[in-house]
Structures are given as structure tokens and as C-alpha cells.
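Lettering of chains follows the sequences in order, A, B, ..., and the numbering in each one begins at 1.
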Amino acid sequence: MTVDPLEMFKSRSKEFVKEALARLNIAMELPLELPPEGMGDFAFPCFMLAREMKKSPAGIAKQLSQEILEDAMFSRIEAQGPYLNFSINPEMLMQITVESIMDKREEYGTWSQTGEKINLEHTSANPNGPLHVGRARNPILGDTIARILRKCGHDITTEFYVDDMGKQQVTLTWGVENLTREGDESTKEIPAKNLKKSKKPDHEMVWYYQEATRRMDSDSNVLAQINRMIAKYEEKDEEIAIRVKENCQKVLDGMNTSLRRLDIHFDSFAWESKHIFNGNVDKVVKNLKAHEFTDYEDSALYLDLEKVGITGQENKFYLTRSDGSSLYSTRDIAYHLDKLDHYDRVIDILGEDHKLKAKVVRLVVGLLGQEKEKIEPLFYSFVSLPEGKMSTRLGRVVYLDDLIEESVGRARKEVEKRRPELASELKCGIAEAVGTGAIRYNIIRVQAEKQIVFKWEEALSFEGNSAPFIQYSHARASSILQKTAVLGDYDLKLLKHPTEILLVKALARFPSLIKECGDSMECHPIAGYAFELASLFNQFYRDCPVLQAEPDVMNARLALVTASRYTLSNVLDTLGLVAPEEM
RNA sequence: GGACAUGUGGCCUAGCUAGGAUAUGGCGACAGCCUCCUAAGCUGUAUAUCAAGGGUUCGAAUCCCUUCAUGUCCGCCA
């Protein structure tokens, strides 16, 4: 059974055109395009042949169409103006597509194993406080890409790079060890909007970080203490490392609790300090010292950006401090070299502020003789608020936990309104699926490099182009199937309604879409497709009654509904959204 | 100042890699559709100098150049 129902039609039409051109002794190839609705399924524009053949594009299209014989795979092959258009035989497409889905079911859209091992790093937020909506774009993007690449047949390991080495983490630890949180006046900085959140360790811990930062800024004694800790830490003091790691872990646990609610999990946590303690960073520095593109300033090692062709910045990219201790990017280089030892490809999901750093890391990896092409950074722009950039310090911030609570809460009210008769437990489950789904979808539907201004009314929209719209279609399909006995024999030739044809064409596109998005590492076309498929299913639902149809037609339609339900479920899964049986 | 990205109806957005047939859809607005498988749905109407200006081309939202706007970066911070 074919993996991609559309592919055979596509390649056959290309062959036809190729053969026709060969018969006319034309050495050129024609590109395949997707024409506007009502003009067939594949189009070959003939403009570029006009000069060569000294004929009008329309005339060429006509001539080509006469060269091509009729074929069972296409219901129409004809010239329309300057285009040669192919219309797929809908009966055949219906047959191949529905059978393929019935055969593969949950696996429809999943390609066979490639054996390619990929490390996909995402989120990697500093563990000093809770995730806010701006940072949440990273895990949502990363997790969705991971799901797409898994469906492309790759072996994916998702990884959170835990920064337990920075000044921020030491500051947090100093705070935890030296400050006591008295009364509740201190909580005014981070108002706990609900009980669940206030009990989470990330929201609990951030106070120590913020208060420690304030003390450090105003009290040079505190600053000195923190600096002493950092110095000892960088001299590989294991005891401090353990204390810092313990605090990071607590915050990390809180973040993970939030992310689990969005069905985001990590296969691995890579601790930054590991590369200091195992000597990898020392090795990197040693190798870089010997390199012709590096030099010293006050015994601080730097890379000369001009020599490696990076312009528009200061020329010096520092790799160590003058005391010889490492910097973030140097550790990141060691980390990447380590990843390259174990994986075929290394993908990083990064905010656009990391563009220069990522470029340099890749470059240095290349300078050290490794294949930098295997490192593939993927960037996204920031989420801001209408008032401006998110800032924890200014209190201008929307925490992910608050967004989830609000969204699930609103979803709960909606379910209550629409389906009061359902069991309370079921309503909770639906609200959770809809509320969290809306958040993921709202972020992922937009191209990663576009900046997003967060607006509550948009994030909490449950209508139109939103997760609940797609989930609702799935629930409708499920509901029809629940009302019937086991699917009997069916004759797909009975499915002739235009909406049925449009629906099956959308179903047929799914596997190749997964492949394309895996290759280009884009998520938003999947969201667009999911919406389109759901919309077409809703139109089918309107035009083609299933359970009230004649028995033969009913059986055929039930097969189409089953195929649609699998595909909707699979696309929802690709986006990390729950596919509810009812809502 | 330099570098990278983004700019499409009132708002959000697809299309840009590989230039082609009347620029995708949603929100909001207006007008309709529940004796019929869940109306978180469906149908219709109005709204676009594709940031601006040049260029390449038979043809440009798409490629090139310039300008403007927005975001990000240009720390011996992470």
C-alpha cells in the first residue's frame, strides 16, 4: 500500500508531460503547479516553452494535450489557456486514499524508519523562575517539530539543556541559603493568582532569585559573596555544584509540571556543568588556543570574527575570561561537540536573540574539524504584550500557568454551557483538552520568525481558526461512528458528491505534507492543513448525511468518516492536541 | 552606526525556498441557517495601492536595489 496517495498521480502526470515533450523533441522540463479550484489538480504552465517553440503558450498547451493519451488515472487532461491541466480520477483517488488510511490507521502520515538519529534541543530556559508566555513559544515549537520529525521516520531525542553554571543560578542558590521569606508582603511582586500556581516550586523559588538579585545590586557584600561562590564553582567545586543543581532541579520540576499539561516531555536533560567537570570545556579551550583565528586580550581568549567572515559586530568574540574561566558560548561549543559524537543531526530551537551565538558555535565547531552542517538552529521571534516586551522585573508578564488556568477555566465554562448533561469528570477532561489545545494551536499556527503580540482574546479564541474547531470536527466524526455497529462492506464508488471529493483530496495530502514540513522544519503549514481538513469535514457533515443515507451509501460514507477521523486524529497528534471523542 | 529577521483588508494570517490563471483563510461587521448524524458548526455580503519607490521579466506579493517601520543582536552576562 502506498504511503502517499497523491504521489503516484503526481509522478504519472509528470511522466506524461515528459513523454509528450520528448516526442516533440523539446529538451526542457515543465514545473508542476497546483492550480486554482475548478481547474484540475496539477497544472503545467507552458510560458517558458514559447520562445523555444516560437508559439503561443496556449498553443503549446493545446499541442501537448493532444500528444497525451487518455489514462484511467486522470478524468481530464486538457489545455486551459496557457496551462496543461490534469484532473485526478476522483474514484481512483478515493479508493487508494481511503484504503491506505484503513490500512495504516494511526500510522497514516507516518513514514518508515530512516535510522537517522537526531538530538532536538528545545526550551532550555534558565531555571530561576516560571515559564512565561514569551518563553513558551520555544517548547511548543520544539515539541511540534519533534512530533513531525518522528512521523518522518527519524529517531528523535528531545533534550532540555539545563543552565546550572551561570551567575543567575548561583544568585538563586545564595538567596535560598541566606534569605527567609517572612509574611506575605514579599509575594506582592509575583501575585499568585491561584492556589495551584502558588504551590508550584518554580513560582515559589523565583522570589529568592528576585530578592537575591535586589540585595546583590544594593549590597556590595552580597555581591562579593556571590562572586566568591561563582569563583569556587568554576574551580570545579563539586559541593557548590550539588547545591546549585538542587535548586535548579526544583525550578525545573515546576516548569516540567506546566509543560506536561501541554503534553510536552523531554527524553533527556543535559546539565551544562557536566562539560566543565568532565574536562570537555578545557579541551575545547586548549584546541581553540592553538587556532590561527583566535588571540588574547589581557589573557582572555577571543575569536576574531572578521577572520571568519562575520561582519556587523564587534570583532572579538570572547571564549574565556582573563582568569581563564569559561563563558557560556564556550560551554555551548563543548556541549555541541558532545552531541555530534552521539547523533547524526543536532537541532536547536532558539530565540532570535541567539542568532549570533548560534552562528559562532556552528562556526567554531567547524574550525575544530567537525561537521557544522549537522547543527541546524531554528529561530523564532519573541512574544510581546500590547504594552511592550515581557519583563518579569516590571511585572509586565503573563505566566504560562496563568494562561493555562484561564484557558482551561474558560473552556470549562463553555462545556458547561454546551453540554450540561455530561458527567463532571468528562467535562473536566474536555475543558483540559480544549483549553491547553487552544494555547498550543495559537502559537504554532503562525510562522516562527514572525513576532507575536500576545492578546488574551486571541489566545482564548475557541472559534474559527483554533484548536477547538479541529477537535470539534474530530468529535463529530467520532460521534457518528459511535452510533453505528462495526463497519461492514463498502463500495467507495458511491461517493461522488463534490464535498466528498474535496474531503478525500485533503485526506490524500497528509503524508506528503508531513514529509515537506519535516524537510523544511516548519510547523505552521500543519496547523493550516488541520484547519482546512476540519473545515472540509464540516462541509461534508452538512452536505452528506451519513446515518440517514441509503444502506449502501451509508456504508461508503462511514468508511470516509472513519478515514477522516483517523486523519484528523493523526494531525491533531502531530500538533500535540488531544482528539476528543465528544465535546 | 552595522548585522539578521519581519511588514499582505479595521485586527490576525497563508502564499515568498523553485516568479505564472480572479492574493489564502480566520476574527470583527452586516444578512441568513438548528422539526435533520453535537450551531465550539454552516452559507452569503462588504473591506487589500501585497510598507514605499525603482529595476529584472512576456509576467513580480514572490527575484534584485534603495528607503521607511517594527523586532533582535553587536558584554571578559546567560
Side-chain angles (χ1 to χ4, degrees), chain A residues 31 33 35-36 39 43 45-48 50-51 56-57 80-83 85 126 128 163 165-169 272 297-302 305 310-325 327-329 331-332 351-357 359 379-382 384 389 411 414-415 417-419 430 434 438 442 445-447 449-453 455 457-458 461-473 475-484 520 524-525 527-528 531-532 534-535 537-539 541-549 554 557 561 582-583:
Chain A
E33 289 177 6
M39 308 233 191
C46 299
F47 302 93
M48 50 282 278
R51 194 166 297 170
S56 77
Q80 286 173 293
Y83 295 86
N85 293 343
N126 282 347
N128 50 27
D163 170 18
M165 274 308 293
K167 188 174 187 175
Q168 296 185 36
Q169 303 338 303
E272 188 180 9
E297 184 178 275
D298 302 332
S299 67
L301 184 71
Y302 67 84
L305 290 181
I310 297 180
T311 56
Q313 329 288 335
E314 293 300 319
N315 291 337
K316 291 172 185 145
F317 190 93
Y318 286 93
L319 297 159
T320 70
R321 298 190 180 89
S322 48
D323 64 3
S325 62
L327 292 165
Y328 172 83
S329 291
R331 287 173 240 138
D332 208 19
E352 61 175 335
D353 54 334
H354 281 69
K355 275 188 181 174
L356 175 64
K357 273 151 285 185
K359 198 172 179 181
F379 301 103
Y380 62 90
S381 294
F382 292 119
S384 60
K389 209 178 142 180
E414 290 295 318
V415 193
K417 197 169 77 193
R418 294 164 203 271
R419 306 296 303 277
I430 293 167
V434 165
N442 189 244
R445 54 181 260 267
V446 183
Q447 191 192 326
E449 295 218 85
K450 258 190 164 137
Q451 51 211 57
I452 295 181
V453 178
K455 296 190 187 99
E457 65 271 27
E458 268 173 29
S461 161
F462 296 160
E463 286 167 13
N465 193 359
S466 68
F469 179 96
I470 302 152
Q471 293 171 315
Y472 184 66
S473 283
R476 275 180 154 178
S478 303
S479 162
I480 292 173
L481 297 175
Q482 250 164 25
K483 291 185 170 66
T484 55
S520 62
H524 69 276
F531 176 68
E532 204 179 306
S535 178
F537 184 79
N538 285 337
Q539 288 164 45
Y541 186 93
R542 173 202 62 200
D543 292 338
C544 306
V546 178
L547 302 176
Q548 278 89 349
M554 178 179 86
R557 284 186 178 160
V561 172
E582 56 184 319
M583 60 185 275

K.L.:
Any idea if B:C73 is syn or anti, going by the 90°-from-0 cut?
P.N.:
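Anti for B:C73; the angle lies over 90° from 0.
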
K.L.:
Mind checking if A:A50 touches a base, just sugar-phosphate, or nothing, with heavy atoms under 4.0 Å?
P.N.:
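No contact.
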
K.L.:
Could you go through nucleotides 56-63 of chain B and list every protein N or O atom that sits under 3.5 Å from one of its N or O atoms, giving the distance for each pair?
P.N.:
unit_1: B:C58; atom_1: OP1; unit_2: A:R51; atom_2: NH2; d: 2.8

K.L.:
Within the 4.0 Å limit for protein heavy atoms, which parts of nucleotides 27-35 of chain B are touched? Write it as a string from 5' to 3', B for base, S for sugar-phosphate only, - for none.
P.N.:
S--------

K.L.:
Remember a base hit wins even if backbone is also touched, and classify A:F469 as base, sugar-phosphate or nothing at under 4.0 Å, heavy atoms.
P.N.:
sugar-phosphate

K.L.:
Partners of A:K359 by salt bridge (charged side-chain N to carboxylate O under 4.0 Å, His left out), sequence neighbours excluded?
P.N.:
none

K.L.:
So A:D543, base contact, sugar-phosphate only, or nothing? Heavy-atom distance under 4.0 Å.
P.N.:
nothing

K.L.:
Apply side chain to side chain contact (heavy atoms under 4.5 Å, CB included) to A:P45 and list each qualifying residue two or more places apart in sequence or on a separate chain.
P.N.:
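For A:P45 the side chain to side chain contact (heavy atoms under 4.5 Å, CB included) partners, ignoring immediate neighbours, are A:P31, A:E33, A:F47, A:Y83.
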
K.L.:
Could you pull out all residues at least two apart from A:R542 that satisfy side chain to side chain contact (heavy atoms under 4.5 Å, CB included)?
P.N.:
A:Q539

K.L.:
Over all strands shown, is A:C46 touching base, sugar-phosphate only, or nothing at heavy-atom distances under 4.0 angstrom?
P.N.:
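Since no nucleic acid heavy atom lies under 4.0 Å of A:C46, the category is nothing.
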
K.L.:
If you measure from the Lys or Arg side-chain nitrogens to the Asp or Glu carboxylate oxygens, is any gap between A:K355 and A:E449 under 4.0 Å?
P.N.:
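Answer for the salt bridge query: yes.
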
K.L.:
Just the table, please: protein N/O against nucleotides 73-78 of chain B N/O, every pair under 3.5 Å.
P.N.:
unit_1: B:C74; atom_1: O4'; unit_2: A:Q313; atom_2: OE1; d: 3.1
unit_1: B:C74; atom_1: O2'; unit_2: A:E314; atom_2: N; d: 2.6
unit_1: B:C76; atom_1: O2; unit_2: A:S322; atom_2: N; d: 2.5
unit_1: B:C76; atom_1: O2; unit_2: A:S322; atom_2: OG; d: 3.2
unit_1: B:C76; atom_1: N3; unit_2: A:S322; atom_2: OG; d: 3.3
unit_1: B:C76; atom_1: N4; unit_2: A:E297; atom_2: O; d: 3.4
unit_1: B:C76; atom_1: N4; unit_2: A:D298; atom_2: OD2; d: 2.9
unit_1: B:C77; atom_1: OP2; unit_2: A:R321; atom_2: NE; d: 2.6
unit_1: B:C77; atom_1: OP2; unit_2: A:R321; atom_2: NH2; d: 3.2
unit_1: B:A78; atom_1: OP1; unit_2: A:R321; atom_2: NH2; d: 3.0
unit_1: B:A78; atom_1: OP1; unit_2: A:R331; atom_2: NH2; d: 3.1
unit_1: B:A78; atom_1: OP2; unit_2: A:Y328; atom_2: N; d: 3.1
unit_1: B:A78; atom_1: O3'; unit_2: A:D163; atom_2: OD1; d: 3.0
unit_1: B:A78; atom_1: O3'; unit_2: A:D163; atom_2: OD2; d: 2.4
unit_1: B:A78; atom_1: O2'; unit_2: A:N126; atom_2: OD1; d: 3.2
unit_1: B:A78; atom_1: O2'; unit_2: A:N126; atom_2: ND2; d: 2.9
unit_1: B:A78; atom_1: O2'; unit_2: A:D163; atom_2: OD2; d: 2.8
unit_1: B:A78; atom_1: N6; unit_2: A:K357; atom_2: NZ; d: 2.7
unit_1: B:A78; atom_1: N1; unit_2: A:K357; atom_2: NZ; d: 2.7

K.L.:
Once you round it to whole Å, what is the distance between C1' of B:G26 and NZ of A:K455?
P.N.:
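The answer, rounded to whole Å, is 14 Å.
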
K.L.:
Dot-bracket, RNA chain B: Watson-Crick or G-U, under 3.5 angstrom, [ ] crossing, | other strand?
P.N.:
(((((((..(((.......[....))).(((((.......))))).....(((((..]....))))))))))))....

K.L.:
Whole Å only: how far is the CZ atom of A:R542 from the P atom of B:U38?
P.N.:
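To the nearest whole Å, that distance equals 17 Å.
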
K.L.:
Please report the distance separating the P of B:C65 from the corresponding atom of B:G2, rounded so that it comes out in whole Å.
P.N.:
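Per the computed distance, 16 Å lies between those P atoms.
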
K.L.:
Would you say the side chains of A:Y318 and A:E297 form a donor-acceptor pair under 3.5 Å?
P.N.:
yes

K.L.:
Look at all strands and tell whether A:V561 reaches a base, only sugar-phosphate, or nothing, counting heavy atoms closer than 4.0 Å.
P.N.:
nothing

K.L.:
Only counting residues at least two apart or in another chain, list the ones meeting side chain to side chain contact (heavy atoms under 4.5 Å, CB included) with A:F469.
P.N.:
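Residues passing side chain to side chain contact (heavy atoms under 4.5 Å, CB included) with A:F469: A:S466, A:F531, A:A534, A:S535, A:N538.
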
K.L.:
Closer to the 5' end of RNA chain B via nearest nucleotide, is it A:L547 or A:P82?
P.N.:
A:P82

K.L.:
I'd like to check the side chain to side chain contact (heavy atoms under 4.5 Å, CB included) partners of A:A477; sequence neighbours left out, ordered by chain and number.
P.N.:
A:F537, A:V561, A:R565

K.L.:
Looking at every strand, decide which applies to A:P35 at a 4.0 Å heavy-atom threshold: base, sugar-phosphate, or nothing.
P.N.:
base

K.L.:
Please name all residues satisfying salt bridge (charged side-chain N to carboxylate O under 4.0 Å, His left out) with A:R476, sequence neighbours left out, ordered by chain then number.
P.N.:
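With sequence neighbours excluded, A:R476 shows a salt bridge (charged side-chain N to carboxylate O under 4.0 Å, His left out) to no residue whatsoever.
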
K.L.:
Starting at CE of A:M39 and ending at C1' of B:U22, how long is that distance when rounded to a whole Å?
P.N.:
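Interatomic distance, CE of A:M39 to C1' of B:U22: 8 Å.
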
K.L.:
My understanding is that only residues two or more places apart in sequence, or in another chain, count here; which of them pass salt bridge (charged side-chain N to carboxylate O under 4.0 Å, His left out) with A:K357?
P.N.:
none

K.L.:
Closer than 4.0 Å, any side-chain N/O of A:Q447 to the OP1 or OP2 of B:A14?
P.N.:
yes

K.L.:
Write down the distance separating the P atoms in B:G7 and B:C16, rounded off to the nearest Å.
P.N.:
12 Å

K.L.:
Check every strand shown and say whether A:F531 touches a base, only sugar-phosphate, or nothing at a heavy-atom separation below 4.0 Å.
P.N.:
sugar-phosphate

K.L.:
Classify the nucleic acid contact of A:P31 as base, sugar-phosphate or nothing, counting any heavy atom under 4.0 Å across all strands shown.
P.N.:
nothing

K.L.:
May I ask you to say what A:V453 touches in the nucleic acid, namely base, sugar-phosphate or nothing, with a heavy-atom cut-off under 4.0 Å?
P.N.:
nothing

K.L.:
Would you kindly give the CD-to-P distance between A:Q471 and B:A40, to the nearest whole Å?
P.N.:
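Spelled out: CD on A:Q471 to P on B:A40 is 14 Å.
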
K.L.:
Does a nitrogen or oxygen in the side chain of A:S479 sit under 4.0 Å from OP1 or OP2 of B:U38?
P.N.:
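Result: yes.
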
K.L.:
Which residue lies toward the 5' end of RNA chain B, A:I480 or A:S520, if each is placed at its nearest nucleotide?
P.N.:
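On the 5' side of the pair lies A:S520.
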
K.L.:
Does a side-chain N or O from A:N538 land closer than 4.0 Å to OP1 or OP2 of B:G41, or not?
P.N.:
no

K.L.:
Anything under 3.5 Å between a protein N or O and an N or O of nucleotides 8-10 of chain B, put it in a table, one pair a line.
P.N.:
none

K.L.:
Could you give the CD-to-P distance, from A:Q539 to B:C37, as a whole number of Å?
P.N.:
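Rounded to whole Å, this separation is 19 Å.
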
K.L.:
Which part of the nucleic acid, if any, lies within contact of A:A475, taking any heavy atom under 4.0 Å across all strands shown: a base, the sugar-phosphate backbone alone, or nothing?
P.N.:
base

K.L.:
Distance between the C1' atoms of B:U43 and B:C34, in whole angstroms?
P.N.:
14 Å

